[in-house]
Amino acid sequence: MSKTIFITGAGSGLGKGAALGLAEKGHRVIAPVETAPQVTALREDAKAAGVELEVFKMDIKNPQDLAQMLDYDFDIFVANAAVNEGGPLGEVPMRNFRELFEVNVFSTLETAQIAAQKFVAKGEGKIIFMSSMAGIMATPYVGPYTATKHAIEAIATTMQKELEGFGVKVATINPGAFATGFNDRSAEAKWKW
């Protein structure tokens with residue numbers, strides 16, 4: 001049965017792969033991306049793959065962008081948008097650490113709240129948090145990202161218990177390292193400071 005799936009952060013990495021793959025399987029995929037150039041790139045990739053995606057700019061930290069979620073009806077929400085930065089916790093600039101929490105935790109929770117409200121009103125739906133193996137273990141020099149994903153695990157577990165009585169399912173996906181460039185960019189970021 002075909003579903004309508006909303007995936008944040010679909011402009012690159014696992015989100016992009018999931019959007020294209022799910023569309024290929026016949027699902028309607030709403031695929032917002034962080035920046036305007038990613039809109040064009042993802043539309044071109046979808047065309048090359050012979051699939052249709054609904055692509056638009058939606059930076060999850062921007063309240064005006066975030067409000068666009070209200071315009072869509074969907075069955076499954078995938079909270080995938082995230083940023084990554086590595087480095088030793090004893091040295092990482094707090095501004096950088098706070099930015100990771102702003103995107104990966106606070107803004108991600110805001111998107112999930114919108115989805116939860118829609119699903120509670122419908123009496124059904126599924127929220128999937130794209131977490132990480134980093135959410136269930138800790139590794140040196142990956143502490144900033146790990147901390148955000150541990151927070152996501154706690155949020156998902158809590159929401160699962162809070163929403164089950166309303167017909168809303170909540171789950172996490174905990175991938176390891178994939179060759180999407182996400183981890184490479186994280187490793188490079190620390191050399192800037």
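What you are looking at is a predicted structure, and each value in this text was computed from that prediction instead of being measured.
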Fill in the blank from the handout: Residues passing the salt bridge (charged side-chain N to carboxylate O under 4.0 Å, His left out) test with Glu52, sequence neighbours excluded, are none

Handout entry: Separation between CD of Gln38 and OG of Ser12, rounded to the nearest 0.5 Å
Key = 5.5 Å

Practice task
Report the distance from atom CG of Asn84 to atom OG of Ser132, rounding to the nearest 0.5 Å.
Solution key: 8.0 Å

Handout entry: Worked verdict on Asn104 versus Tyr145 for side-chain contact (heavy atoms from CB on, under 4.5 Å)
Key = CA-CA 8 Å; Asn104 296 1; Tyr145 181 72; 3.8 Å; yes

Handout entry: Lys57 vs Asp65, salt bridge (charged side-chain N to carboxylate O under 4.0 Å, His left out): CA-CA, chis, key distance, verdict
Key = CA-CA 7 Å; Lys57 178 194 171 294; Asp65 281 4; 2.5 Å; yes

Practice task
Step through the shown structure and confirm whether more than 12 heavy atoms of other residues, nucleotides or ligands are within 6.0 Å of NZ on Lys122.
Solution key: yes

Problem - Pairwise distance CD1(Ile173) to CG(Leu14) - rounded to 0.5 angstrom - result: 9.0 Å

Exercise for the section: Can you label the angle between the Phe101 ring and the Phe97 ring as parallel, tilted or perpendicular, going by 30° and 60°? Expected result: perpendicular

Completion exercise
Value for CG (Asp59) from OG1 (Thr8), rounded to nearest 0.5 Å, stands at 11.0 Å

Handout entry: All pairs passing ring pair (Phe, Tyr, Trp, His ring centres under 6.0 Å) where residues 25-69 contributes a residue, at least two apart
Key = Phe56-Tyr72

Handout entry: All salt bridge (charged side-chain N to carboxylate O under 4.0 Å, His left out) counterparts of Lys169, not counting sequence neighbours
Key = none

Handout entry: Lys16 bridged to Asp45 by N-O distance under 4.0 Å
Key = yes

Exercise for the section: State whether Lys118 and Glu124 are salt-bridged, where the test is any N-O pair (Lys NZ or Arg NE/NH1/NH2 against Asp/Glu carboxylate O) under 4.0 Å. Expected result: no

Practice task
Starting at CD1 of Ile114, measure out to CZ of Phe119 and round the result to the nearest 0.5 Å.
Solution key: 11.5 Å

Handout entry: Intermediate values then yes/no, side-chain contact (heavy atoms from CB on, under 4.5 Å), Phe77 and Lys126
Key = CA-CA 6 Å; Phe77 175 71; Lys126 184 181 286 185; over 6 Å; no

Practice task
Output all residues satisfying salt bridge (charged side-chain N to carboxylate O under 4.0 Å, His left out) with Arg98, sequence neighbours left out; order by chain, then residue number.
Solution key: none

Donor-acceptor list for residues 154-165 side chains, cut-off 3.5 Å, not counting sequence neighbours:
unit_1 : atom_1 : unit_2 : atom_2 : d
Thr157 : OG1    : Glu153 : O      : 2.9
Thr158 : OG1    : Ala154 : O      : 2.8
Gln160 : NE2    : Val170 : O      : 3.2

Handout entry: Gap separating the CD1 atom of Ile7 from the CD atom of Glu54, nearest 0.5 angstrom
Key = 12.0 Å

Practice task
Applying salt bridge (charged side-chain N to carboxylate O under 4.0 Å, His left out), name anything that partners Lys149, two or more places apart in sequence or on another chain.
Solution key: none

